[in-house]
2 protein chains.
Amino acid sequence: MMRESKRKRLEAKGWRVGSTGEFLNLSPEEAAYVELKIKLASKLREWRARRRLTQGDLARRVKSSQSRVAKMEAGDPSVSLDLLIRTLLALGASSREIARIITSRRRATAA
Amino acid sequence: MMRESKRKRLEAKGWRVGSTGEFLNLSPEEAAYVELKIKLASKLREWRARRRLTQGDLARRVKSSQSRVAKMEAGDPSVSLDLLIRTLLALGASSREIARIITSRRRATAA
DNA sequence: TGACGATATGTCGGATGTGACATATACTCC
DNA sequence: GGAGTATATGTCACATCCGACATATCGTCA
């Protein structure tokens, strides 16, 4: 399956700003994939912020590294849905909560 | 993150039969991960069966191969959540539908 | 200003995942 | 029994992902 090729063009910049660029040349499923990732990513950051943990703390908890956590929270292309979901599960999220995250409407990022 | 190590012991056989072996030595999040995978996997098979497509047909549609589709539908350890979700998205599933699958209660496999 | 703590970005070696192919198994229908 | 079609299983080369490390950027406090 393709995907990463097109993704690359994205990460050059942008796509965190608006509403996840359908205005860019993403196929519907690519857009949906990125949307999903961003939702999980920002939920993860939210979770961590609420408990006032540093990325390093969180990393230790799920046996990862600070840099990878940063990438997770940024929805970096090098992070898979798989890792995001496993991480949330490792933090005790239930499948119901995961589902809620997935259906949630994404709140505007910054102003 | 560990995971695959333990998983290996599973695939020797079993784990498709009962209720996804908490009776095996899986940590809660590992169990949840496998559960999730199985739900998506069986939904995929269901989707395909309903349209009376062969695995080969489906594979062509999502640019994969018959064997990988078989593995996806079997929830094989070599298949990531990522691939399962991307495939469902590629088949036109909405995030809402994905979420529904995730929360769904799994029906008994065979008798 | 500088020092400090937190987060971001870049890179790399090794681990996992992926499509493809070969082959095995299963199930008709003749 | 064989032929034909579908699905399962094993393997492999190549791609992608991962944790780790180094380093850069940012924010705050003195």
Side-chain angles (χ1 to χ4, degrees), chain A residues 1-8 10-16 30 33-34 37 40-42 44-88 90 109-110, chain B residues 1-8 10-16 30 33-34 37 40-42 44-88 90 109-110:
Chain A
M1 260 165 155
M2 35 73 234
R3 166 170 77 107
E4 210 54 13
S5 39
K6 286 199 175 179
R7 189 69 33 73
K8 290 289 183 187
L10 270 187
E11 69 175 320
K13 217 203 155 195
W15 84 275
R16 198 175 178 20
E30 284 173 326
Y33 177 84
V34 174
K37 218 150 107 166
L40 294 165
S42 55
L44 181 58
R45 190 189 296 260
E46 205 179 288
W47 185 94
R48 179 178 66 81
R50 185 153 17 240
R51 340 229 152 184
R52 302 184 190 282
L53 299 174
T54 68
Q55 292 181 342
D57 296 335
L58 174 45
R60 229 167 297 116
R61 244 186 236 227
V62 301
K63 298 207 219 296
S64 181
S65 64
Q66 179 270 323
S67 54
R68 192 128 300 271
V69 169
K71 281 160 193 164
M72 286 192 226
E73 293 185 348
D76 188 281
S78 82
V79 173
S80 67
L81 277 188
D82 209 287
L83 180 62
L84 278 166
I85 292 180
R86 280 203 326 268
T87 300
L88 287 165
T109 320
Chain B
M1 262 165 154
M2 33 75 237
R3 166 170 78 107
E4 209 54 13
S5 39
K6 287 199 175 179
R7 190 66 35 72
K8 290 290 183 185
L10 269 188
E11 69 176 320
K13 218 206 158 188
W15 86 276
R16 198 174 178 21
E30 284 173 326
Y33 177 84
V34 174
K37 218 150 105 163
L40 293 165
S42 55
L44 181 58
R45 190 188 297 260
E46 204 179 288
W47 185 93
R48 178 178 66 81
R50 183 148 23 235
R51 339 229 152 184
R52 303 185 190 281
L53 299 174
T54 68
Q55 293 181 341
D57 295 336
L58 174 45
R60 227 167 299 115
R61 244 187 237 226
V62 300
K63 298 208 219 295
S64 181
S65 64
Q66 179 270 322
S67 54
R68 191 129 300 271
V69 169
K71 281 159 193 164
M72 286 193 226
E73 293 185 347
D76 189 282
S78 83
V79 173
S80 68
L81 276 188
D82 208 287
L83 180 62
L84 278 166
I85 292 180
R86 279 201 330 267
T87 301
L88 286 165
T109 321

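Excluded from the calculations below are hydrogen atoms, water molecules and symmetry mates; all remaining heavy atoms, backbone and side chain alike, are included. Chain letters run A, B, ... following the sequence lines, proteins first and then strands; every chain starts at 1.
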Checklist entry - Between B:Asp76 (CG) and C:dG19 (P), how many Å, whole number? => result 13 Å
Checklist entry - Checking all strands, does B:Arg52 fall into the base, sugar-phosphate, or nothing category for heavy-atom contacts under 4.0 angstrom? => result nothing
Next on the checklist: Counting the atoms with a prime plus P, OP1 and OP2 as sugar-phosphate, which does B:Arg48 contact under 4.0 Å by heavy atoms, base, sugar-phosphate, or nothing?
Outcome noted: sugar-phosphate
Checklist outcome for this item: Among the nucleotides C:dT9, D:dT9, C:dT7, whichever has the atom closest to the side chain of A:Lys71 is C:dT9
Next on the checklist: Quick check on DNA chain D: between A:Leu84 and B:Gln55, whose nearest nucleotide comes earlier from the 5' end?
Outcome noted: B:Gln55
Checklist entry - Which nucleotide sits closest to the side chain of A:Ser67: C:dG19, D:dA22, D:dT7? => result D:dA22
Checklist entry - With a 4.0 Å cut-off on heavy atoms, is B:Ser65 in touch with a base, just the backbone sugar-phosphate, or nothing at all? => result base
Checklist entry - To the nearest angstrom, how far is A:Ile85 atom CD1 from C:dG17 atom P? => result 14 Å
Checklist entry - Rounding to a whole Å, what distance do you find between B:Lys63:NZ and C:dA20:P? => result 10 Å
Next on the checklist: With a 3.5 Å distance limit and no angle check, can you tell me whether A:Lys37 reaches the backbone of A:Leu84 through a side-chain donor-acceptor pair?
Outcome noted: no
Item to check | Per B:Arg45 side chain, nearest of listed nucleotides D:dA8, D:dA20, C:dT18 | outcome: D:dA8
Item to check | Smallest separation among heavy atoms of A:Ser65 and A:Ala59, with atom names | outcome: C-CB, 3.4 Å
Item to check | Interatomic distance where CG belongs to B:Leu58 and P belongs to D:dA8 [whole Å] | outcome: 12 Å
Next on the checklist: Run the side-chain contact (heavy atoms from CB on, under 4.5 Å) test on A:Leu83 and A:Thr87 for me, step by step, so that the C-alpha distance in whole Å, both residues' side-chain angles and the decisive distance to 0.1 Å come before the verdict.
Outcome noted: CA-CA 6 Å; A:Leu83 180 62; A:Thr87 300; 3.9 Å; yes
Next on the checklist: I need the CZ-P distance between B:Arg61 and C:dG19, as an integer number of Å.
Outcome noted: 17 Å
Checklist entry - For B:Glu73, which of B:Arg48, B:Glu46, B:Arg68 qualifies under side-chain contact (heavy atoms from CB on, under 4.5 Å)? => result B:Arg48
Next on the checklist: Rounded to whole Å, please give me the gap between CD in A:Glu73 and C1' in D:dG19.
Outcome noted: 16 Å
Item to check | d(CG, A:Leu83; P, C:dG17) in whole Å | outcome: 12 Å
Next on the checklist: Does A:Arg61 form a side-chain contact (heavy atoms from CB on, under 4.5 Å) with A:Leu53? I'd like the steps, not just the answer.
Outcome noted: CA-CA 10 Å; A:Arg61 244 186 236 227; A:Leu53 299 174; 3.8 Å; yes
Checklist outcome for this item: Side-chain contact check for B:Ala70: nearest option of C:dT18, D:dA8, D:dG10 is D:dA8
Next on the checklist: Quick check on C:dG19: is either OP1 or OP2 less than 4.0 Å from any side-chain nitrogen or oxygen of B:Ser64?
Outcome noted: yes
Checklist entry - Choosing from C:dA8, C:dG10, C:dT18, which nucleotide comes nearest the side chain of A:Gln66? => result C:dA8
Item to check | Among C:dT18, C:dT11, C:dA6, the one nearest B:Arg68 by side-chain distance | outcome: C:dT18
Next on the checklist: Can you tell me which nucleotide in C:dT18, D:dT9, D:dA22 comes closest to the side chain of B:Arg86?
Outcome noted: C:dT18
Checklist entry - To the nearest angstrom, how far is B:Lys37 atom NZ from C:dG17 atom P? => result 7 Å
